[in-house]
Amino acid sequence: MNTIVIDNLEFSWSIGASNLLTIPELKVAKGEHLFVHGSSGTGKSTLLNLISGVILPDSGTIELMGAQTSSINQRRRDKIRANHIGYIFQQFNLLPYLSVLQNVLMPLKFSKSRKLNAEKNHNSSEQAAIHWLNELNIPSKLHTAPIAKLSVGQQQRVAAARALIGSPDIIIADEPTSSLDQDNVENFMHTLIEESAIIDASIVFVSHDKTLKKYFDKDFELRVAK
Amino acid sequence: MNWFHIASQSLLNRKTTALLTLFMLAISISLILTVDRIRVDTKENFSNTLSGTDLILGARTGSLNLLLYSVFRIGNASNNIGWASYLELTENEAVAWAVPISLGDSHKGYKVVGTTTDYFKYYQFSRGQSLEIYQGKAFENVFDVVLGYQVAKKLGYQLGEQLVLSHGIGNTSFKEHDDKPFSVVGILKPTGTPVDQSLHISLEGMSAIHINWRNGFEIPGMNITAEQALQMDLTPKTITAALIGMKSRIQTFQFQRMVNDYRNEPLMAIIPGATLAELWQMMSIAEQSLLAISAMVIVTGLLGMMTVILAGLNERRREMAILRALGCPASNIVLLLVLEAGFYGLSGLLLGYGLHLFWVAIASNLMMSLYGIELSMNLPNLTMLWVMTGFLVSSFLIGIVPGIKAYRQSLTDGLTLRT
């Protein structure tokens with residue numbers, strides 16, 4: 001089963017401009033780990049926005065968990081994103097006014113199915129959050145701390161815990177390691193790959209750093225369309 | 001953790017701006033409530049001060065002036081009425097009762113009213129209520145004084161105590177009538193009118209303390225003791241004004257014309273209700289403009305709140321993008337901002353009401369001592385309840401504007417975080 005299917009996708013930010021992004025075909029199987037690379041300006045972030053259903057393609061289709069997101073309304077796309085996607089940004093992932101634990105619990109607020117998953121696997125939402133924080137090596141004394149108390153590496157790991165909670169089908173990561181030092185990058189990548197494997201989630205990982213390719217089953221290069 | 005929690009935590013994260021905005025709204029709402037409270041209470045107080053009196057007789061002056069000094073103890077009489085004229089006029093068949101009033105002296109800032117015991121019988125306030133004695137009795141002797149409730153309370157006077165009246169009005173009087181002290185024989189029940197702020201003595205007492213005075217000056221070397229004064233003729237020569245009740249209302253106008261045409265002395269008679277209406281008419285422009293200004297302040301407050309929220313949106317793009325990435329529907333972004341605006345509105349309203357009570361508490365002392373007007377802590381009237389409801393509803397509605405902007409912003413930004 002494929003979690004993501006892209007077919008004949010075309011997208012440009014402004015009408016009349018040459019197509020910024022064209023993807024004839026891209027499939028991500030359940031549990032498959034995909035590395036998307038490309039230099040700046042090739043539309044890496046745009047692709048993630050398209051997969052997440054925040055923006056729509058000009059032509060072609062995107063299927064997410066068997067649903068064609070390009071032909072349903074925005075509210076339903078938001079719902080699909082909440083239920084099936086765990087998202088990790090480049091940096092500053094966390095809401096500064098919530099505690100670490102509250103940040104990790106946020107996805108369960110928007111998705112009933114992820115909340116049910118979390119409760120089924122860990123008895124309660126809080127225990128699920130604590131489980132993932134422990135898996136990602138966040139010391140328990142930091143669980144109730146404000147975000148400002150965390151190092152950048154810790155913040156990215158909390159973001160990973162937030163993406164993993166409630167076992168979504170897809171983890172999308174937008175250059176999550178670019179703000180980390182080398183030791184932290186390895187640590188982060190290993191944990192992310194391992195933990196995603198445990199919940200059998202597909203990963204779409206975007207980076208311009210080709211050295212990260214080694215962690216992935218499959219890679220895909222974005223190029224500026226001529 | 002619900003939407004309200006997220007909205008409030010997000011606000012708390014920006015607490016300096018949030019608090020300032022809150023105060024801006026609270027001050028604007030407290031202003032209109034307080035202005036209206038003063039307006040309503042002043043009116044009610046004035047309307048309640050005099051009841052049952054058909055005409056006020058006085059020396060010819062402005063009708064408002066006569067009303068203000070004779071009843072409200074505001075301002076001073078420019079001239080007096082001759083006692084003979086008073087007697088002649090009030091002998092008229094149509095007159096049911098007449099109470100003479102003689103003003104001009106004071107005691108520690110409180111005004112002294114020279115009158116007859118008829119004052120306690122005929123003076124009515126607040127729709128026909130008569131004065132009642134709280135302690136002691138009405139004055140009988142020349143040097144007896146009956147205190148208004150507030151005078152006794154504020155100055156701590158008991159029955160039987162001796163006090164000295166001052167010549168003229170004001171806290172720092174030039175001359176004391178210290179040769180002829182008065183003793184407190186009675187204290188009146190509170191009325192909420194200027195009566196509470198007055199000391200009442202007999203007309204004879206008034207004559208007695210001025211027996212060695214001419215034209216407002218003490219005659220040098222002329223010392224007359226209290227005992228000697230009692231032996232002299234204490235019939236008053238002049239009075240300041242008189243309250244008059246007619247046998248029938250119909251005769252009021254006739255008698256009024258007669259007074260106004262009186263040949264021996266320039267006098268006038270006014271109908272208190274009509275003069276009060278004149279006063280309201282005069283005040284209404286000031287009243288309306290004060291209310292209009294207060295309303296503008298509220299509008300300014302609400303606009304200010306909108307500006308604050310709108311200005312903050314740019315810094316909150318990251319927050320919105322994170323929420324969107326988590327699957328928060330764009331419509332909930334609007335809700336978040338409407339909640340925030342509504343939260344400002346509601347807490348601004350509550351804080352503003354509290355602030356209003358605080359202003360009233362501060363102002364009531366001042367209003368009481370300056371004008372004898374008591375401010376109440378009553379619930380706001382219907383108009384103000386509408387203003388408050390309108391304020392609350394508009395605060396929520398105003399949240400839609402930044403809500404829509406954030407919505408559009410979140411659509412164009414997508415999940416791309418901007419620093």
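Each chain gets a letter, A, B and so on, in the order the sequences are listed, and its residues count up from 1.
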A/Gln102 versus A/Tyr97, side-chain donor and acceptor atoms under 3.5 Å: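 Short answer, no.
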Side chain to side chain donor-acceptor pair (under 3.5 Å) contacts touching residues 280-293 of chain B (sequence neighbours left out):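 Of all non-adjacent pairs touching residues 280-293 of chain B, those that pass side chain to side chain donor-acceptor pair (under 3.5 Å) are B/Arg39-B/Glu287.
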Hey, could you give me each pair passing ring-ring contact (aromatic ring centres under 6.0 Å, His included) that has a residue in residues 391-414 of chain B? Not counting sequence neighbours.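 Listed by first then second residue: nothing to list.
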Under the ring-ring contact (aromatic ring centres under 6.0 Å, His included) definition, can you give me all pairs with a residue in residues 145-176 of chain A, not counting sequence neighbours?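 The answer is none; no pair qualifies.
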With a 4.5 angstrom heavy-atom cut-off, which part of A/Arg77 approaches chain B: side chain, backbone, both or neither?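 Looking at A/Arg77, nothing touches chain B.
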Under 4.5 Å from a heavy atom of chain B, the part of A/Leu94 involved: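 Contact with chain B involves the backbone of A/Leu94 alone.
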Top of B/Leu12, B/Asn13, B/Leu326 for chain A proximity - count of heavy-atom pairs under 4.5 angstrom: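 Max contact count across the listed options: B/Leu326.
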Would you call [X] and [Y] a salt bridge, taking side-chain N to carboxylate O under 4.0 Å as the test?
| X | Y | result |
| --- | --- | --- |
| A/Lys30 | A/Asp169 | yes |
| A/Asp78 | B/Arg324 | yes |
| B/Arg14 | B/Glu319 | no |

Which residues, numbered in order, of residues 81-88 of chain A come under 4.5 angstrom of chain B by heavy-atom distance?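 Heavy-atom contacts from residues 81-88 of chain A to chain B are A/Arg81, A/Ala82, A/Tyr87.
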Look at A/Val54, A/Thr46, A/Asn49 and state which one has the largest set of heavy-atom pairs under 4.5 Å with chain B.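 Maximum pair count with chain B is reached by A/Asn49.
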